[in-house]
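Written out below as structure tokens is the structure these notes cover.
The shown structure was predicted, so the numbers you read here are calculated from the model rather than taken from an experiment.
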Amino acid sequence: MSRVKAKKPSLCTYELLTKDIITKSISVLREIVSSCYGPSGRLKQLHNGVGGSVCTTSSSSSLFSNLSVIHPILKILTTSVQNHVSRFSDCGLFTAILCFNLVEHFQRLNLSSATVIKISKHLLSLCIDYLNSEICGCRISVDFSNLKTLLCLVQSILTSKPACLLNKKEADHISTLILKAFLLTIPEKATDHAILGKSIIIPLKDERVMDSTVLPGIVIEMPEVQLIKCPIKKLPSDALKVALFCISLSGDISDPGEGTLVISYGVSLENAILDQLLNLGNQLINDHVNVVVCQKVIHPALKQYLHQHHIITIDRVGISLMEPLGEMTGAQPIGSLNFISSTSYGYVKDLCTANFGSKHYFHLIPNDSSVCSLLLCNRNETSWNELKLACQTAQHVLQLTIREPLALLGGGCTETHLACFLRNKVASVPECVLKVNDCTEIEYKIVADAFCSALQSVACSLEHDKGKILIDRKYGHFWSIQPDFPANVKWQDLVLKCGCGLLGNQEDLNWCFLPSIHSFSLQNASIQQVTNSTDHLTLDCFTAKLHGLQVAVETASLILDLSYIIEDKN
């Protein structure tokens, strides 16, 4: 069909970034994202304006997936953040806020984009080298023989999501369950190339949070009440044989496409299919199968036939459970009705029924498996969705931590400490650095100051109640106090703990207000304080935050380097 209108050529505009464009395309989204940051972040309700579901969240993954942006600059930034979150799950808001602040701070500089990009990449390399070094004052080692640090890491993730609607007792309970579920996924007989198991989240909405629990094995909801009326005949090995089907056992006929289905005269197609299913049932009975699990639907006649021979049937389990079921039972998914190899079967230790809330479940108990089920409860669907997302993030962060057993101080302390480190580092810039970056010392220090101010701005985004932001001159940690405080009160009487919770109100910390452009000699807080004097620390995932820092700087550099915007307006 010919076009009604002729196709227009793509619109190509030479549009260098200006302060007006930055203000118009970035500042509003920056304020939205910054207001979501941290435990006291403000929630956002997102909907499409023409009806449909409403998403209430402060999580970066939900926020950016439900926001519709048009400007090319915002598309670049949101896509970068979403790619980061898809790989690491955590630190999405940190990445976005830092990128916003870097672009805005760099844009105010009266320097060429090429110079700013070169220097910012060099500053990024300094940060990465410092964070990876043994002398880093804002990272701690994670000892898996001491669960306290791991618990702090999980609690920091849950408490940063206010839409979960958890009080302290509930947050502690869920954190303990997440950690327990993670430990159950670690194989008991670990090798150099051990593979972690699966932790499956089972939804229990409109239930008490404290009713959440973790069970070894897999819990599968019954579509309707299907009580086990007859005892299961176990094998001599005191185990249950399991057959796992990945095809439909409902007797439906697959679509022949453009072909023709030929049926002989006098043949009943329905009876022929049912005979085939019953023949399959006979083979399962002869092979002494105890449990039949099907990804799709099992025909009622086949179900009844199997039940008569004391075989339990579980259908409609869905594709998401097929992999953990195969891993737990050792069964190979069966995709044929004609032939079943004896090696396709798997085994479980036991099967029982369980009730949670108003729902009924099958509980498959493994012999020795690293698969478990986290039955997650919350008050309503909105808070449950946010809690599920937080639990998935925490599980992924623990997996990243077991690969690289490090954590960064949270609560804004890493950002302010890193900014102080950079200010000290660039107090005197070697000539070789200036030569490599093709800049003067003044230009280098101007960009470094903007870089440090952007880092500090991320920490300041944690304060949403107009409180005052402080930094101590000894360790460079983040502190906040109430907005209205008496002028004649000492600092140590106003502050109790720094943002990460590592430091108390010692008299020798010598606080000052942010923003501060003064450099001072930093000392590293003793990591011994982590285990001896601190009940709770706010921690961030080392791997996720390090990658988020890189993504923020590289995306900001990409945005600054934009010259042409090509858009297809058809």
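Between F421 and L126, the closest heavy-atom pair is CE2-O, 3.9 Å. Smallest separation of non-hydrogen atoms from C500 and C413: N-SG, 3.3 Å. Closest heavy-atom contact between Q392 and I201: CG-CD1, 3.7 Å. Heavy atoms only, all atoms of each residue included: T95 and A552 are closest at O-CB, 3.6 Å. For the pair C541 and L153, the tightest heavy-atom approach, listed with the atom from each and the gap, is N-CD1, 4.0 Å. Between S120 and S557 the shortest heavy-atom distance is OG-OG, 3.6 Å.
Heavy-atom contacts from other residues, nucleotides or ligands closer than 6.0 Å to NZ of K445 number more than 12. Under a cut-off of 6.0 angstrom, the local environment of CD in E441 is crowded, with over 12 non-hydrogen atoms contributed by other residues, nucleotides or ligands. In the displayed structure, D143 atom CG is contacted under 6.0 Å by more than 12 heavy atoms of other residues, nucleotides or ligands.
How far OG of S113 is from NZ of K118: 12.5 Å, rounded to the nearest 0.5 Å. To the nearest 0.5 angstrom, F88 atom CZ is 4.5 Å from H547 atom NE2. From L98, atom CG reaches atom CG of L455 across 5.5 Å, with rounding to the nearest 0.5 Å. Separation of atoms CG (L29) and OG1 (T78) is listed at 7.5 Å; rounding is to 0.5 Å. Here Q82 contributes atom CD and S86 contributes atom OG; the two are 8.5 Å apart, rounded to the nearest 0.5 Å. For the atom pair S461 OG and L93 CG, the distance stands at 10.0 Å (nearest 0.5 Å).
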Go through it in stages, so that I can follow the logic: the residues are T401 and L406, the test is side-chain contact (heavy atoms from CB on, under 4.5 Å), and I'd like the CA-CA distance, side-chain angles, deciding distance and then a yes or no.
CA-CA 6 Å; T401 305; L406 297 169; over 6 Å; no
List the steps, then state whether side-chain contact (heavy atoms from CB on, under 4.5 Å) holds for L398 with L179.
CA-CA 8 Å; L398 290 172; L179 186 54; 4.3 Å; yes
Trace of the side-chain contact (heavy atoms from CB on, under 4.5 Å) decision for L131 with L408:
CA-CA 9 Å; L131 293 173; L408 289 173; 4.0 Å; yes
For F182 and V154, what are the C-alpha separation, side-chain angles and deciding distance, and is it a side-chain contact (heavy atoms from CB on, under 4.5 Å)?
CA-CA 11 Å; F182 170 71; V154 176; over 6 Å; no
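Of the N and O atoms on the side chains of N380 and S383, at least one donor lies less than 3.5 Å from an acceptor on the other residue. Judged by distance alone, the side chains of S112 and T115 do bring a donor and an acceptor atom under 3.5 Å apart. Using modelled atom types, one finds no donor on one side chain facing an acceptor on the other under 3.5 Å when comparing T393 with S89. Side-chain contact, H417 with H477: no donor N or O sits under 3.5 Å from an acceptor N or O. Side chains of T57 and E386: a donor on one and an acceptor on the other come within 3.5 Å. No side-chain N or O of Q456 forms a donor-acceptor pair with one of T416 less than 3.5 Å apart. Side chains of S199 and Q395: a donor-acceptor N/O pair is present below 3.5 angstrom, by distance only.
With S212 contributing its side chain and C377 its backbone, the two residues share a donor-acceptor pair below 3.5 Å. Of the possible polar contacts, one joining the T440 side chain to the E443 backbone as a donor-acceptor pair under 3.5 Å is found. Of the possible donor and acceptor atoms, none in the side chain of E463 sits under 3.5 Å from a partner among the backbone N and O of C460. Within the 3.5 Å criterion, the main-chain N or O of C164 finds a donor-acceptor partner in the side chain of N378. The main-chain N or O of S59 is never found under 3.5 Å from a side-chain atom of S62 such that the two would form a donor-acceptor pair. A donor-acceptor distance shorter than 3.5 angstrom exists from the side chain of D472 to the backbone of K474, with no hydrogens or angles considered.
Under 4.0 Å is where a charged nitrogen must lie from a carboxylate oxygen, and between R423 and D449 at least one such pair does. Ion pair E134/R139 flagged as a salt bridge, since at least one NZ, NE, NH1 or NH2 atom sits closer than 4.0 Å to an Asp/Glu carboxylate oxygen. With respect to E31 and R42, no salt bridge is recorded, no charged nitrogen being found less than 4.0 Å from a carboxylate O. Under 4.0 Å is where a charged nitrogen must lie from a carboxylate oxygen, and between K205 and E381 at least one such pair does.
Under the 30°/60° scheme for interplanar angles, the aromatic rings of F451 and F106 are found to be tilted.
Under the 4.5 Å side-chain criterion, counting only non-hydrogen atoms from C-beta, L470 is not in contact with S480. By the 4.5 Å heavy-atom criterion applied to side chains, L109 and I446 are counted as neighbours. Contact of the L46 side chain with the V54 side chain is not registered, since no non-hydrogen atoms from C-beta on lie closer than 4.5 Å. Taking the side chain as every heavy atom from C-beta outward, L389 and S61 approach each other to under 4.5 Å. With contacts defined as side-chain heavy-atom distances shorter than 4.5 Å, the pair S34/Y37 does not qualify. Side-chain contact between K44 and S58 is absent, with no heavy-atom pair separated by less than 4.5 Å. Counting heavy atoms from C-beta on, the side chains of F94 and V458 come closer than 4.5 Å. Taking the side chain as every heavy atom from C-beta outward, I195 and P187 never approach each other to under 4.5 Å.
Screening I178, I174, I202 for a side-chain contact (heavy atoms from CB on, under 4.5 Å) involving L376 leaves a single residue, I174.
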